[in-house]
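All remarks here apply to the structure that follows.
What you see is a predicted model; the values in this text were computed from it and never measured. For the numbers below, each heavy atom of this structure counts, side chains included, while hydrogens, waters and symmetry mates do not.
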Amino acid sequence: MKQLPEATNFIEQIINDELSAGKFESTGNKIAVRFPPEPNGYLHIGHIKAMCINFGVKDRYHGTLNLRMDDTNPAKEDYEYVDSIVEAIKWLGFEYDKLVFASDYYDKLYEIAEKYIMDGNAYVCDLSAEQITATRGTLTEAGTPSPYRNRTKEENLKLFREMKAGIYPDGSKVLRAKIDMSSPNLNMRDPVIYRIAHVPHYRTGDKWCIYPMYDFAHPLSDAIEGITHSLCSLEFENHRPLYDWVIEKAGFPAPVPRQIEFARLNITNMLMSKRYLKKLVDEGFVRGWDDPRMPTVMGLKNRGVPPEALKKFCADVGVAKAYSIVNQAQLDSCIRDNLNENAERAMAVINPLKLTITNYEGEEELQFEKNPAKDGAGERPVRFTGSVYIEKDDFSLDPPPKYKRLQKGGFVRLKAAYIVRCDEVITDENGQPCELKCTYFSETRSGSGVQSEIKAKGVIQWVDCKYGRDAEFRQYEPLLTDEKYPDQDYAERLNMNSERIFMGKAEPALAECEDGKAFQLMRTGYYKKVTETAPDGTSKLILSEIVSLKDNFNK
RNA sequence: UGGGGCGUCGCCAAGCGGUAAGGCAACGGACUCUGACUCCGUCAUUCGGGUGUUCGAAUCACUUCGCCCCAGCCA
């Protein structure tokens, strides 16, 4: 036996233990997992954790992973979602072995259901949904057996075939597993395993009018595919006895798949339930499932978050069984960390304030370092004419203690250019500064290496008035702080500006680079550049926020 | 109330009877043509509480408290 990989979480530890105990010797010690989303919505960051766990096991053990569409509820599922799921996984860079569908197994599942009937493990029940609920008992009281529980195999088989043939209306009959109506586990009290639904399925059309339930289809799909480990979230713990029962009664040979549960991902300020995400889309609070404010994979992608940052985040967060809510700061940190390495630096001002150098004439080309965090990133030219826009925040009429940027009579360095002194502040009718008149010191030219008497504590970014371009800045607020908020607060929060738009100035380099590229705007944050072309052919430069820079301005 | 789980630093999380890893956050300090980054340092005598077993416990036993999940013909 080859050496086992070092386990990075409790699931891998279990697998290692099983491997060393020889559990999978009969199947060549092959580990097989699956990722089983239901194609009824878009994948979100919570799914990324599940994928990291599953693909992680696949990679560590050189096993296989099936991407399985868990499509057993025709009322909710569609190709739109399967396409989006495949696209999301591809973007994340995960590679699965096979794309399969639970609906591929409908025939086999049906056969197994007939076997259950012949083995006396299932029966057709005529009780209504309400009656089934009423006779299921409570947490403390046993359920009462259905009057149809002891139908003969022949009768059950005939009825089940008739259900399949479509002669009964929706809800009139179901196939139930015959287990134990007094089990303390409600899932074992004769759960429904097949229901009638005269609803066309997006893949099988109207071939079927009876559909298997999750508790029946999922374990059997796992068994059919030879899955060794079926990893799912904590809420399925109560289903595990049923999972095992279903496979056992179907008669699959060992080794049989084992279900292992882990805690799902929660992040502060991030909505992680399909129900609410769908509400945001349906009620028009966002532009779609892939809106950059959405925690969906495609939303994150559009936001400009690198997939590697998401994987790093999942690795950092780990896998355990304890309920947890991770601070969003942890995600942001992973995103910044990645972008710090990979994003070029650029200058852009969101709230422009004009700064005119009174003693500068002509124009010149200066060099701007592309990325000081990355060796060999090099420099690129920036044009400078002595008339620039700076960020309003980078000037203060009434500077707090330790203020390092520009104030009247003070000095500051224009990044990659010169140190300037503010001589005069021109204010508007409200007393707000609208233009600064400054003096520059030629010996302080960036990169000149000249030692000057003139010193500046701060360095600020700027955009040249002549060469700068108009740009639209989009910044985002969390859509919701907690999905458990009552609906009232929820609506209020949605009404606040989750997307703020500013018109500002950006240096030409930003307009000229390729779309989708991430930049760090000096002192501001990481932004993704996109160009939007209007129907009339005019295009606008948009810089949308990925994550803001950490700032210690107030220390 | 029955059953199934979980409780280790502000937030995640290692630990598996031999004397509390790591990450995020925070806080000092250095560096800096980004108040970013980087770098150095600080940050659990204690593992929900109690009681036992043991030379020795976060790890075992008992007990107690708290939180989560389950009564869909959803997954």
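- Annotation for A:Met181 and A:Arg176: closest pair SD-NH1, 4.3 Å, computed over non-hydrogen atoms.
- Of the P atoms belonging to B:U53 and B:U46, the separation is 22 Å, rounded to the nearest Å.
- Contacts of A:Ile132 with the nucleic acid, taken as non-hydrogen atoms under 4.0 Å apart, include base atoms.
- Atom pair A:Tyr323:OH and B:C12:P shows a separation of 9 Å (rounding to whole Å applied).
- Across all strands shown, nothing is found opposite B:A36 as a Watson-Crick or G-U wobble partner with both distances under 3.5 Å.
- Not one side-chain nitrogen or oxygen of A:Gln13 sits closer than 4.0 Å to the OP1 or OP2 atom of B:A14.
- Under the Watson-Crick and G-U wobble criteria, each requiring two contacts below 3.5 Å, nucleotide B:A61 is paired to B:U51.
- Residue-level contact check: A:Arg176 touches neither bases nor backbone, having no heavy atom under 4.0 Å from any strand.
- Heavy-atom minimum distance, A:Pro212 versus A:Leu109: CG-CD2, 4.0 Å.
- Contacts of A:Glu261 with the nucleic acid, taken as non-hydrogen atoms under 4.0 Å apart, are absent.
- In this structure, the separation between CD1 on A:Ile390 and CG on A:Leu406 is 5.5 Å, given to the nearest 0.5 Å.
- A:Gly171 comes within 4.0 angstrom of a base, heavy atoms only.
- Nearest heavy atoms, A:Leu265 versus A:Ile45: CD2-O, 3.7 Å.
- Within 4.0 Å (heavy atoms only), A:Tyr194 reaches no atom of the nucleic acid at all.
- Across B:C47 and B:U19, the matching C1' atoms stand 13 Å from one another, rounded to whole Å.
- Regarding A:Leu234, its CG atom lies at a distance of 10 Å from the P atom of B:C69, rounded to whole Å.
- For the pair A:Lys529 and A:Phe519, the cation-pi criterion (under 6.0 Å, within 45° of the ring axis) is not fulfilled.
- For the OP1/OP2 pair of B:C68 and a distance below 4.0 Å, the side-chain nitrogens and oxygens of A:Arg264 include no atom meeting the criterion.
- A sub-4.0 Å separation between OP1 or OP2 of B:G2 and a side-chain N or O of A:Thr138 is absent.
- Distance noted for atom C1' between B:U63 and B:U45: 25 Å (whole Å).
- When the P atom of B:A75 is taken as reference, atom CZ of A:Arg275 falls 18 Å away, rounded to whole Å.
- Put simply, A:Lys550 has no side-chain N or O that comes within less than 4.0 Å of OP1 or OP2 on B:C24.
- In this structure, A:Ile193 atom CD1 and B:C74 atom P are separated by 14 Å, rounded to whole Å.
- Across all strands shown, A:Arg345 has heavy atoms under 4.0 Å from base atoms, whether or not it also approaches the sugar-phosphate.
- Residue contacts shown for A:Val326 are limited to sugar-phosphate atoms, with no base heavy atom under 4.0 Å away.
- Nucleotide B:C16 is matched to nothing when pairs are restricted to Watson-Crick or G-U wobble geometry with both distances under 3.5 angstrom.
- Of all nucleotides present, only B:C6 satisfies the Watson-Crick or G-U wobble test against B:G66, with each distance under 3.5 Å.
- Comparing the P positions of B:A58 and B:G52 gives a spacing of 15 Å, expressed to the nearest Å.
- Summarising the base pairing, B:A26 is matched to B:U42 through a Watson-Crick or G-U wobble pair whose two defining distances lie under 3.5 Å.
- When heavy atoms are screened at a 4.0 angstrom cut-off, A:Asn185 is found touching no nucleic acid atom at all.
- Among the protein residues, A:Pro372 comes within range of the nucleic acid bases, having at least one heavy atom under 4.0 Å from a base atom.
- Residue A:Thr72 places at least one side-chain N or O under 4.0 Å from the OP1 or OP2 atom of B:A75.
- Taking atom P on both B:C43 and B:G28, the two are 15 Å apart, rounded to the nearest angstrom.
- Using C1' as the reference atom, B:C62 and B:G23 are 36 Å apart when rounded to the nearest Å.
- B:G66 and B:G48: their P atoms are spaced 16 Å apart (whole Å).
- Closest approach of A:Pro372 to A:Arg345, counting heavy atoms only: CD-CG, 3.6 Å.
- For A:Glu237 against B:G4, no side-chain N or O and base N or O form a donor-acceptor pair under 3.5 Å.
- Protein atom CG of A:Leu139 is 9 Å distant from nucleotide atom P of B:A71, rounded to whole Å.
- Residue contacts shown for A:Gln461 are absent, as no nucleic acid heavy atom lies under 4.0 Å away.
- Annotation for A:Glu38 and A:Ile85: closest pair O-CD1, 4.2 Å, computed over non-hydrogen atoms.
- Put simply, A:Arg405 has no side-chain N or O that comes within less than 4.0 Å of OP1 or OP2 on B:U34.
- Using a 4.0 Å heavy-atom distance criterion, A:His239 is classed as a base contact.
- For A:Asn238 against B:G3, a side-chain N or O and a base N or O form a donor-acceptor pair under 3.5 Å.
- With B:U32, B:C69, B:G2 as the choices, the nucleotide that has an atom nearest any side-chain atom of A:Lys404 turns out to be B:U32.
- For the C1' atoms, the distance linking B:A20 with B:A57 amounts to 12 Å, nearest Å.
- Within 4.0 Å (heavy atoms only), A:Ala322 reaches sugar-phosphate atoms of the nucleic acid but no base atom.
- Counting heavy atoms from C-beta outward, A:Cys422 and A:Gln407 have side chains that stay 4.5 Å or more apart.
- At whole-Å resolution of the value, CG in A:Asn327 and C1' in B:A26 are 12 Å apart.
- Using a 4.0 Å heavy-atom distance criterion, A:Ala129 is classed as a base contact.
- Contact record, A:Phe262 with A:Ile11: CD2-CD1, 4.1 Å, taken as the closest heavy-atom pair.
- With ring centers used as reference points, A:Tyr211 lies under 6.0 Å from A:Tyr106.
- Side-chain contact check for A:Ile419 versus A:Val412: every heavy-atom pair is 4.5 Å or farther apart.
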Show each protein N/O and nucleotides 38-40 of chain B N/O combination with a separation under 3.5 Å, one pair to a line.
none

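- Judged by the 6.0 Å and 45° rule, A:Arg203 forms a cation-pi pair with A:Phe101.
- Heavy atoms of A:Ser324 sit under 4.0 angstrom from primed sugar atoms or phosphate atoms, though from no base atom.
- Checked against B:C74, B:G72, B:C70, the side chain of A:Thr133 finds its nearest nucleotide in B:G72.
- To the nearest angstrom, C1' of B:U34 lies 13 Å from CD of A:Glu391.
- Note: CG (A:Leu242) to C1' (B:G72) measures 14 Å, nearest angstrom.
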